[in-house]
Amino acid sequence: MKFARVGVAIAAAAIVVTACGGSGGAGKDLKVGISLPLSGSALASAGPADKGARLAIKDFKLDGYTVAPLVLDHAVNGVHDPQQGAKDMTALIADPAVVGVVGPFNSSVAKVQIPISNEAGLLQCSPANTNPDLTKGDAGKELRAKNPDKINYVRVAATDDIQGPAVATYGIEKLGLKSVAIIDDTETYGKGLADAFSAEWEKLGGTVVGREGAPKGTTDYTAILTKFKDASPDAVFYGGVTATGGGLVRKQMPQVGLGELVYLGGDGIQDGPGSVEGSFINIAGEAAANSFSSVAAIAEYPGKADFNAKYKAEYGEEAGAYSASGYACAQIVLQAIKTAASKGDVTREAVRVAATDPNTTFETVLGPVKFDAVGDTNQRIISLYKADLTAADGVGDWVFDSQVNYGN
Amino acid sequence: MSVVTDLTPQAAGGGRKRALQKTASKHHSWTIVVGMAIVGTLLAVLAYIPPFTLAQPSNAWIDGFTNAGVFVMLALGLNLVVGIAGLLDLGYAAFFAIGAYTYAYVASPFGNSIIGIPIVESLGSNVGGLVFWPMLLVGALVAATFGILLGAPTLRLRGDYLAIVTLGFGEIVPIVFLNSDAVTNGTNGIGGLLRPALPGMGSFSAINPWPYYVTMLVLVTVIMILCYRLVESRLGRAWEAIREDELAAAATGINTVTTKLLAFALGASTAGIAGVFNASKLVTVSPDQFTFIVSFTVLAMVVLGGMGNFWGVAVGAFTIYTINNVLLKTLNEFFDRVSMPILKDINFIELQFLLYGLALVAMMLLRPEGLFPNSRRQRELHTEMDEPGADELMGGDHELEQEDMR
Amino acid sequence: MTALPATSDAGSARAPAGRVFKLLVLLAIIVGIAWVAVTNLGADQAIEQLVNALTRGAIYALIALGYTMVYGIIELINFAHGDMFMVGAFVSLTFLGQILGLEGAVTNIPLLIVLLVATFAFTMSIMALVGVTIERFAYKPLRTAPRLAPLITAIGVSFILQNLVQLVYGPYQTNSPKIFPDTWVIEVGNASIPVLSIFIISVAVVLMFSLQLFIGRTRLGRAMRSTAADRDAAALMGVNINRTIAITFLIGSALAGAAGVVNGLQYGVARFDDGFQAGLKAFTAAVLGGIGNTLGAALGGFIIGFIEVGATAMGYTRWGPAIVFGVLVIVLVFRPAGLLGQQLGERA
């Protein structure tokens with residue numbers, strides 16, 4: 001109570017000092033909303049996306065217009081909070097200057113935000129949502145129920161139903177593996193990925209000798225790994241991200257005697273070289289050898305080195321896993337703004353139409369991106385990477401291995 | 001002493017006391033309605049004036065108030081359990097979850113397929129929302145049932161043992177929802193829930209915060225009236241008796257088992273209502289909406305507000321919600337717009353935990369009895385029932401003195 | 001107030017025959033579990049999982065001790081205690097990684113011993129200091145406040161500790177030098193038992209044993225027991241209450257610090273939010289064993305380790321926490337004061 005009162009007192013004083021900024025209607029001063037969980041443990045994964053997006057906005061120039069980011073953090077007590085996410089979306093919609101949003105990060109938040117943004121017709125681009133139900137099928141339709149013909153949600157991440165099978169195919173066909181043990185982190189991304197992987201693995205004739213779920217916050221995987229040891233798998237697959245345990249599992253495998261096994265994962269553990277704090281290679285260290293992961297992008301997109309350099313120059317740290325995705329999403333929103341401006345007024349509807357036009361190809365840092373009728377990216381090329389501990393001046397990095405085209 | 005007196009209405013003056021009690025109750029109910037109306041209007045006005053508009057748009061404020069209202073409902077219910085009956089419940093979010101999922105089973109396609117009754121299909125999404133209103137009651141009942149089920153094993157437990165068991169249930173329930181994919185869709189949660197609908201108005205909108213806001217005000221008012229009624233009834237007296245001294249209470253003929261179970265049940269029922277309301281607003285339920293943090297936050301609201309005092313608890317809930325979900329998050333935006341020199345450059349988002357923690361510690365060190373404690377002492381000083389006045393508005397007599405609640 | 005018994009028979013008037021019976025039951029349960037484990041998993045798996053369970057349990061037990069001691073003496077559920085463990089883990093990784101500049105395993109045995117002793121001493125001293133400071137500024141002023149106020153404060157302190165660590169070390173996992181080589185294993189048949197696990201279990205047992213001795217035999221220990229039993233009477237007898245409480249926090253925090261060091265050696269990472277989960281489990285352990293009873297806390301810690309590993313061995317890792325709490329509820333239904341707790345009379 002005291003703090004609120006103090007806050008109000010300062011505010012009152014400030015009003016006297018500075019002239020009120022006015023409500024700032026759309027006009028020429030535009031805003032791009034960034035709705036991500038940015039405090040506590042969520043910061044590790046989503047923070048880089050936020051930084052990437054803001055970098056793109058900073059670099060953007062359009063005659064007669066200014067574009068500024070409006071960052072809203074929907075993490076409560078360190079964890080993404082769907083209720084707060086809904087409220088933030090309402091706040092973004094209520095601000096007439098906001099013509100597009102980058103976010104959210106978690107599928108559970110997207111589920112509450114999309115109905116709201118859909119009703120308002122506000123463009124939303126997610127750098128990281130992978131749950132297929134957000135766009136495809138009946139579940140996707142439910143979310144867009146208010147304006148079913150006006151798609152407003154797009155994403156640059158490939159959906160789980162592609163990545164999992166890609167890794168499974170790679171494991172069985174390229175690496176010649178036969179049996180696998182799976183751990184997932186019980187979250188939407190991790191479990192979905194693991195389910196898709198597991199189904200495809202068995203379809204291709206492999207065997208799944210064990211499947212366990214370890215929620216975020218688990219630090220001790222020795223019991224699970226000991227159990228797997230009994231079944232002698234050729235590999236261990238991890239469905240989840242580094243932050244929920246991807247690195248820890250790998251790190252503990254040698255301790256239990258499974259250090260020689262192949263380790264497979266999705267883009268959740270593909271988070272940069274060993275010099276990036278908290279990345280898979282950084283955590284797993286020596287144990288990272290013989291690990292493979294996937295990325296839903298054309299390998300080594302041309303802009304990668306430049307982007308990393310630019311990012312480091314701006315923020316003084318290495319780009320994280322989702323930095324480029326955040327940057328790409330912002331690029332798409334900005335590109336849509338540009339298109340809308342060229343055709344007349346920059347309104348939400350104009351921006352939305354420009355972004356969701358299935359005929360437009362967006363040139364982004366991730367390569368050329370095109371959206372299909374429900375907002376999914378056409379980048380269905382999955383690239384497989386191998387961890388190489390001698391790369392990147394000895395700190396270790398993911399090195400491109402091969403590519404699988406899941407395009408239709 | 002007054003406790004014992006109130007339980008035996010045949011005592012001298014008991015009849016007149018009861019009559020006075022009845023007037024006080026009625027008086028209370030109207031006071032609450034008027035009070036809530038004033039508060040509701042005041043908040044709505046505040047959302048439109050600077051400095052509030054500098055931090056976030058007005059609609060966001062109204063939406064935020066509605067969310068705060070959900071927590072107020074939760075805090076009022078927990079107050080019954082912790083503040084009035086003295087049962088330390090650390091797993092309150094479980095009932096919140098149960099209410100929400102109950103609504104999901106009735107108001108979503110997935111849920112309908114599980115229970116086998118195609119409600120959404122037959123009613124359609126525009127009119128289907130009418131089920132919201134009866135579901136408020138159903139959600140309350142289901143939650144109350146679970147309140148009894150989960151409360152039953154705790155009857156023999158004391159103080160902190162009770163706490164850890166309730167905490168355990170608070171963990172178990174979301175885990176069950178998380179891992180039972182076939183029945184609950186697991187970590188993906190159940191989506192596509194119907195928004196409330198009113199005849200003639202159609203269903204509530206996602207971008208217009210007002211219908212939800214008004215509904216929230218009505219629900220909070222109703223819950224508060226019920227709470228006051230309960231507390232002033234025999235049951236309420238029984239709760240306070242067990243809270244103060246369970247053995248003595250049993251000795252005066254109170255059935256401690258029923259009394260405790262009723263505390264759990266009725267406390268859980270408001271969480272059930274809040275769950276249904278919240279689910280209808282977010283149109284999706286998922287296990288990650290019901291973590292221990294939620295249970296703990298509601299407890300902090302009850303303690304901060306001054307346990308036992310309903311208006312106090314409501315203010316406590318509102319305060320903590322505003323600090324945690326609004327103030328700390330909009331500091332960046334605010335100082336940016338106001339262009340204050342040093343403060344503008346600090347990234348308050350990364351300091352949230354720190355500031356929240358400091359706020360909690362400071363509040364407890366400065367005022368450990370809560371914002372609006374007391375009243376028992378106040379009641380003893382004033383001749384009881386003589387002056388319906390400010391202290392009546394502040395909510396009467398249900399508070400823990402220092403050093404009790406062992 | 002709940003007593004803080006030094007040994008399991010303090011204040012209890014059980015007949016010796018009853019105790020023998022209880023011991024036999026315990027033995028039967030242990031043998032039964034061992035039999036089930038061996039037949040279902042095979043001897044090697046059983047042994048390895050046993051070691052896993054004991055290692056995990058040892059860490060929980062160390063943290064649980066601090067919880068139970070503080071509760072026994074001032075009836076506070078110190079929610080910040082789990083974060084003391086987390087801070088301990090970071091202190092030890094700073095010591096090893098930044099101050100000493102170590103990175104990997106140290107195979108020179110004498111050097112390793114010196115380093116280990118130094119790390120424990122350093123971390124435990126710092127954590128003891130931190131614990132006493134927090135008690136002085138955040139909990140002492142609230143000793144006469146309504147009981148839930150310090151609970152809220154504890155969580156406030158927890159948030160503060162977490163955010164401070166996060167500001168310094170970032171929200172990511174940070175590497176902690178695993179100086180104890182985990183290539184050292186003892187082979188028992190086909191099973192390999194890491195020497196590190198044995199070390200951890202021994203450290204925990206030694207610390208617990210020392211604690212029991214301290215509480216049972218020394219003057220300070222007696223002061224702690226009497227303060228826990230009846231604060232006013234103890235004060236009348238000349239016990240310096242403030243100092244006793246401070247020492248309780250000191251020891252509890254030091255033990256949490258030790259748990260942090262051990263955690264770093266075993267898992268090699270630390271993150272600012274590690275404390276919450278660990279604290280929750282340790283608190284459960286303390287209650288399971290009978291809160292206020294140090295032996296019970298240790299027992300509870302190991303039991304929870306066993307339950308979790310057992311759940312995994314049977315393929316139910318997902319349900320782990322639910323099973324732990326389920327067991328807790330069942331135990332409390334039959335023994336409302338915990339396994340080794342004492343049913344005292346009604347208190348006002």
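So that the names make sense, note that chain A is the first sequence line, chain B the second, and so on, each numbered from 1.
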Worksheet item: With a 4.5 angstrom heavy-atom cut-off, which part of L299(B) approaches chain C: side chain, backbone, both or neither?
Response: both

Fill in: Structural part of Y316(C) lying under 4.5 Å from a heavy atom of chain B
neither

Discussion item. Under 4.5 Å from any heavy atom of chain C, what part of L150(B) do you find: side chain, backbone, both or neither?
Written reply: neither

Fill in: Residue among V303(B), V173(B), V176(B) with most heavy-atom pairs under 4.5 Å to chain C
V303(B)

Response to the item:
Rounded to the nearest 0.5 Å, the CG atom of N325(B) sits from the CD atom of Q352(B) at a distance of 9.0 Å

Discussion item. Centre-to-centre under 6.0 Å for F177(B) and F290(B), is that the case here?
Written reply: no

Worksheet item: At a heavy-atom separation under 4.5 Å, does I323(C) approach chain B through its side chain, its backbone, both, or neither?
Response: neither

Worksheet item: Relative to chain B, which of W319(C), F137(C), F79(C) shows the most heavy atom pairs under 4.5 Å?
Response: W319(C)

Worksheet item: Distance only, no hydrogens: is a donor on one side chain within 3.5 Å (strictly under) of an acceptor on the other, for Y60(C) and T284(C)?
Response: no

Fill in: Option that, when pairs with chain C are counted at under 4.5 Å, heavy atom only, ranks first among L365(B), V361(B), I164(B)
I164(B)

Worksheet item: Which answer fits V302(B), side chain, backbone, both or neither, if we ask what part of it has an atom under 4.5 Å from a heavy atom of chain C?
Response: neither

Worksheet item: Nearest 0.5 Å, what's the CZ-OH distance between R335(C) and Y161(B)?
Response: 10.0 Å

Practice prompt. Identify which of L151(C), L167(C), V157(C) forms the greatest number of heavy-atom pairs closer than 4.5 Å to chain B.
Written response: L167(C)

Discussion item. If the test is ring-ring contact (aromatic ring centres under 6.0 Å, His included), which one of Y92(B), Y321(B), F318(B) qualifies with F71(B)?
Written reply: Y321(B)

Worksheet item: Quick one: of L354(B), L360(B), V165(B), who has the most non-hydrogen atom pairs under 4.5 Å with chain C?
Response: L354(B)

Worksheet entry | T187(B) backbone acceptor or donor facing S286(B) side chain under 3.5 Å | no

Discussion item. On a heavy-atom basis, which atom in A94(B) and which in F169(B) lie closest, and how many Å separate them?
Written reply: CB-O, 4.0 Å

Discussion item. Quick check on the interface: out of V329(C), I330(C), L164(C), V324(C), who has the most heavy-atom pairs with chain B under 4.5 Å?
Written reply: V329(C)

Item to complete: Mind checking the CD1-OG spacing from I126(C) to S253(C)? Nearest 0.5 Å is all I need.
Response: 12.5 Å

Practice prompt. Sort L332(C) into side chain, backbone, both or neither according to what part of it lies under 4.5 angstrom from a heavy atom of chain B.
Written response: both

Discussion item. Please evaluate residues F276(C) and F292(B) with respect to the criterion ring-ring contact (aromatic ring centres under 6.0 Å, His included), reporting the C-alpha separation (whole Å), side-chain torsions for both, the decisive distance (0.1 Å), and the verdict.
Written reply: CA-CA 11 Å; F276(C) 177 71; F292(B) 167 70; 5.5 Å; yes

Worksheet item: Quick one: what part of L178(B) sits under 4.5 Å from any heavy atom of chain C, side chain, backbone, both or neither?
Response: neither

